[in-house]
Structure formats: C-alpha cells, structure tokens
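Report on the following structure.
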Amino acid sequence: LPLAERKYVEAVSDVLKNTLGDKLAGLYLLGSATSNAYQPGVSDINIAAVITNTFPESTYFDLTSKLSHSALRCPARKIEFVLYTQESARNPEIQPNSHFPFPYELNFNSGEGIKDYLGLANKGHGQSEHWFVLDIATGRYLGKTLYGTDVKETFAEPDWITVRRAISSGIWWY
C-alpha cells in the first residue's frame with residue numbers, strides 16, 4: 001500500500017482499539033490491499049474487525065462518526081468496514097431470511113463524494129450478502145492480521161457450495 005493508505009489503516013486501527021477496548025478480538029486488512037491489486041483512486045480499503053461481545057447501538061454510532069470520511073479522511077475511494085462477533089466469525093450460520101452465513105454487527109462505508117452508509121446487525125434483509133462470504137473466503141488466504149488472532153483462526157472457512165453461491169450471486173449483482 002502507498003504511504004498515505006498505510007497511515008490511514010494505522011489511524012483506523014487506533015480508532016477501533018480506543019473505541020472498542022478489550023472487546024476488540026481481531027482486526028484484519030482484506031481485499032485488494034493484501035493481494036497486490038490495490039490501485040490508488042480506484043480501490044477501496046477493506047477492513048474487518050471481530051469483537052468478543054456486542055455493544056449498544058450508541059457505541060456503533062460513535063465508532064462510525066470517528067471512521068467517517070468527514071472525521072478521518074480516507075485516501076482510497078472509500079473504506080468498507082465490517083464488524084463481526086467472534087461467534088458469527090467462528091460459527092457461521094445462515095440466518096432466517098438469508099442465503100449466506102457470517103451475519104455482521106455493523107457494515108460501514110465512507111469516502112470522499114459518497115454518502116456514508118451504515119447497516120446494523122444484518123440478518124439477511126436485502127443486503128448484498130455475497131460480498132461478506134467472498135471477503136472472508138479470500139481473506140482467510142490473503143488477509144493481513146493487524147491485531148489479535150490470525151485471520152485463519154478467527155474466521156471459519158465457508159464451505160465450497162456457499163462460496164459458489166456467493167460467486168454466482170456476485171455475477172448476477174453486476
């Protein structure tokens with residue numbers, strides 16, 4: 001990653017550690033930033049974090065206000081940040097009204113020229129859920145652990161049928 005992006009990832013890490021404290025179990029860099037495919041001005045910065053227990057929604061609002069581009073300028077096109085619990089990361093289950101495992105606690109996107117997006121406690125209600133499976137499936141092999149337990153130990157490996165469905169869903173999404 002270019003220097004500005006590396007400094008940004010460090011700043012995001014600091015915000016997460018300070019806001020989530022000892023409930024932060026792990027922090028991971030995913031996506032193009034870890035596979036030598038990152039393109040400045042084109043690519044996103046994908047970060048996933050895992051917490052030991054959930055927080056009140058007010059904590060999530062506080063966290064996203066600190067991660068918002070208006071508070072912490074993202075040098076990439078945008079940040080895509082997803083927060084999972086240890087339970088959902090280690091024991092993914094397909095939730096009612098969902099087609100894919102790995103329900104998240106928080107999904108947040110922010111960047112220059114785009115409206116901040118915040119999704120809370122997804123249980124499969126119309127989100128593009130396939131991305132979360134694909135991020136985790138590739139992240140287990142290419143992801144970089146920034147803090148906590150190694151990414152392969154943190155996230156269960158999605159089964160091949162689920163990954164195939166996620167790929168197919170991603171193709172149809174486009």
Side-chain angles (χ1 to χ4, degrees), residues 1 5 9 12 16 20 23-39 42-55 57 60 63-64 67 74 76-111 114-174:
L1 278 177
E5 283 83 344
V9 169
V12 169
L16 292 167
L20 302 175
K23 286 188 178 182
L24 179 63
L27 184 58
Y28 310 96
L29 184 63
L30 307 174
S32 62
T34 62
S35 62
N36 294 321
Y38 182 83
Q39 297 177 23
V42 176
S43 298
D44 305 327
I45 292 180
N46 301 79
I47 296 178
V50 175
I51 51 176
T52 56
N53 294 302
T54 60
F55 286 90
E57 281 189 2
Y60 299 145
L63 175 62
T64 57
L67 294 177
C74 180
R77 190 172 69 92
K78 66 179 175 178
I79 182 175
E80 292 185 347
F81 172 70
V82 184
L83 183 65
Y84 300 93
T85 64
Q86 277 182 329
E87 180 64 25
S88 69
R90 290 182 179 160
N91 302 301
E93 293 182 10
I94 297 177
Q95 303 296 316
N97 303 318
S98 178
H99 301 288
F100 297 103
F102 300 107
Y104 58 75
E105 284 300 303
L106 181 148
N107 176 29
F108 181 69
N109 300 319
S110 185
I114 66 165
K115 183 179 177 186
D116 286 359
Y117 170 80
L118 171 61
L120 293 175
N122 177 275
K123 304 298 181 203
H125 300 291
Q127 298 273 332
S128 302
E129 307 165 42
H130 56 273
W131 292 124
F132 306 105
V133 172
L134 296 175
D135 285 347
I136 289 168
T138 58
R140 289 189 82 253
Y141 294 96
L142 300 172
K144 179 180 178 186
T145 301
L146 302 172
Y147 171 82
T149 309
D150 184 79
V151 68
K152 281 188 176 184
E153 295 174 28
T154 299
F155 291 100
E157 184 167 8
D159 65 82
W160 177 236
I161 291 171
T162 301
V163 173
R164 283 182 35 199
R165 279 196 338 228
I167 291 168
S168 177
S169 182
I171 291 168
W172 283 105
W173 184 81
Y174 277 107

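We're numbering straight along the sequence, starting at 1.
- Looking only at distances, no side-chain donor or acceptor of T149 sits under 3.5 Å from a matching main-chain atom of T154.
- Between the side chain of S110 and the backbone N or O of D116 there is no donor-acceptor pair closer than 3.5 Å.
- Closest of all the heavy-atom pairs between S43 and A37 is OG-O, 3.9 Å.
- Classification of the F55-Y60 ring pair by plane angle, with boundaries at 30° and 60°, yields perpendicular.
- Atom CG of residue N109 and atom CZ of residue R77 lie 9.0 Å apart, to the nearest 0.5 angstrom.
- Of all non-hydrogen atoms in R140 and A156, the two that sit nearest each other are CD-O, 3.6 Å.
- The backbone N or O of N46 sits nowhere less than 3.5 Å from a side-chain atom of D44 that would complete a donor-acceptor pair.
- With values rounded to the nearest 0.5 angstrom, Y28 atom OH is found 13.0 Å from I47 atom CD1.
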*Is there a side-chain contact (heavy atoms from CB on, under 4.5 Å) between L20 and L83 once you walk through the steps?*
CA-CA 11 Å; L20 302 175; L83 183 65; 4.2 Å; yes
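- Here the shortest heavy-atom pairing between A137 and P158 reads CB-CG, 4.0 Å.
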*Where do F108 and L63 land on the side-chain contact (heavy atoms from CB on, under 4.5 Å) test, with the steps shown first?*
CA-CA 10 Å; F108 181 69; L63 175 62; over 6 Å; no
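- Remark: K144 NZ to L27 CG distance equals 10.5 Å, nearest 0.5 Å.
- The nearest pair of heavy atoms linking F81 to L16 is CZ-CD2, 3.5 Å.
- One finds the CZ atom of R165 at 7.5 Å from the CG atom of D159 (value rounded to the nearest 0.5 Å).
- Here the CG atom belonging to L30 is positioned 6.0 Å from the CG atom belonging to D135, to the nearest 0.5 angstrom.
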*Report the C-alpha distance between Y84 and R90 in whole Å, list the side-chain angles of each, state the deciding distance to 0.1 Å, and finish with yes or no for side-chain contact (heavy atoms from CB on, under 4.5 Å).*
CA-CA 10 Å; Y84 300 93; R90 290 182 179 160; over 6 Å; no
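- A distance of 11.0 Å separates CG of L29 from CG of L142, quoted to the nearest 0.5 Å.
- In the model, E80 has no side-chain atom that pairs as donor or acceptor with a side-chain atom of Y117 under 3.5 Å.
- Between Y38 and A33, the shortest heavy-atom contact is CB-CA, 4.0 Å.
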